[in-house]
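Bear in mind that the values here come from a model prediction, so they are computed numbers and not experimental data. Per chain, numbering begins at 1; letters A, B, ... match sequence-line order.
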Amino acid sequence: MCLTSTDSGDTRIIAVNVERIDAAMAIQFKEDMRSETEAGPQRVVLDLSQVKFIDSSGLGAIVASMKQLGGDRRLELAGLTPVVDKVFRLTRMDTVFNLFATLDEALTARQK
Amino acid sequence: MNLDTDRAGFLVTFSANDLEAREGIRAIAGQLRQQGISEERTGDVEIALAEAINNVVEHAYAGVEAGQIHVSCHLRAGRLEIRIHDRGRPMPGGDLPSGEPAEPADLPEGGFGWFLIRQLATEIKYERRGDKNLLWLRFDLPEKPDA
């Protein structure tokens, strides 16, 4: 399991506990995301602050995780490190997700 | 995974599977940092290199017995030259994919590899030579500030 979940109000926070979401990790990541989001709050924030590297397989796994949430549930991303941020910006996938610089910002944004 | 260094650069060799590829990519990024290349530029190279190597693992060696991938890196006069070679199947059509990016609104789960490589590398060249695929990636490096 590469993920840890905690709930804060109506938000499920899922921390990614690995440094790389790459081709070797993508399938496990998707499966772990499925089990962490089977039930629980509508809003899911993925805390990426420990992730130093992502490739297009990892990006695809995050997109797949959002799709498997289904319904009105949302996946938002927090704590993007420089390389992860660059991959999202270059592919313009930053236009698909709500991105927050830090987990705190993601949680504060909800309260407004 | 095997790493050889000499004065001109270094050579990393590994088996064509996801875990070995990860170790190879990490080793190369580690060497680039040691050579004083900035964290930002190392990140660019690591993204492009990972995409190129993943393609070899997933496509060139798909359906054939997985072999070795050799990556040699040379740093010279403000540029980094990387040569990747494998003995897998040739690139479809004998040429590099154009790398049109997938459309974000379609929520694509793939199709960004060549786009990222083309965005990040300064120059890319591919050649099929005998039973080998050869891919060159060149990255221009900003001048190092004077110490």
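Contact of B/Ile47 with chain A is made through backbone and side chain together, with heavy-atom distances under 4.5 Å. Contacts of B/Glu51 with chain A are made by side-chain atoms alone, with heavy-atom separations under 4.5 Å and no backbone atom involved. With a threshold of 4.5 angstrom between heavy atoms, A/Leu90 approaches chain B through its backbone and through its side chain. With a 4.5 angstrom heavy-atom cutoff, A/Thr91 touches chain B via backbone and side-chain atoms both. Contacts between B/Asn17 and chain A at a heavy-atom distance below 4.5 Å are absent for every atom of the residue. Heavy atoms of B/Glu39 lying under 4.5 Å from chain A are absent altogether. Contact of A/Met66 with chain B is made through the side chain alone, with heavy-atom distances under 4.5 Å.
In terms of heavy atoms, B/Ala102 sits closest to B/Gly110 at CB-O, 3.8 Å. Summarising the geometry of B/Gly99 relative to B/Trp114, their closest heavy-atom pair is CA-CB, 3.8 Å, with the distance given to 0.1 Å. Between B/Pro108 and B/Pro104, the closest heavy-atom pair is CD-O, 3.5 Å.
Heavy atoms of other residues, nucleotides or ligands lying less than 6.0 angstrom from CD of B/Glu40 number 12 at most. More than 12 heavy-atom neighbours from other residues, nucleotides or ligands sit within 6.0 angstrom of CG on B/Asp131.
When each of A/Thr4, A/Asp32, A/Asp47 is tested with A/Asn17 by the rule side-chain hydrogen bond (donor to acceptor under 3.5 Å, both in side chains), just one qualifies, namely A/Thr4.
Of the listed residues A/Asp55, A/Val87, A/Ile62, A/Val83, the one with more heavy-atom pairs under 4.5 angstrom with chain B than any other is A/Asp55.
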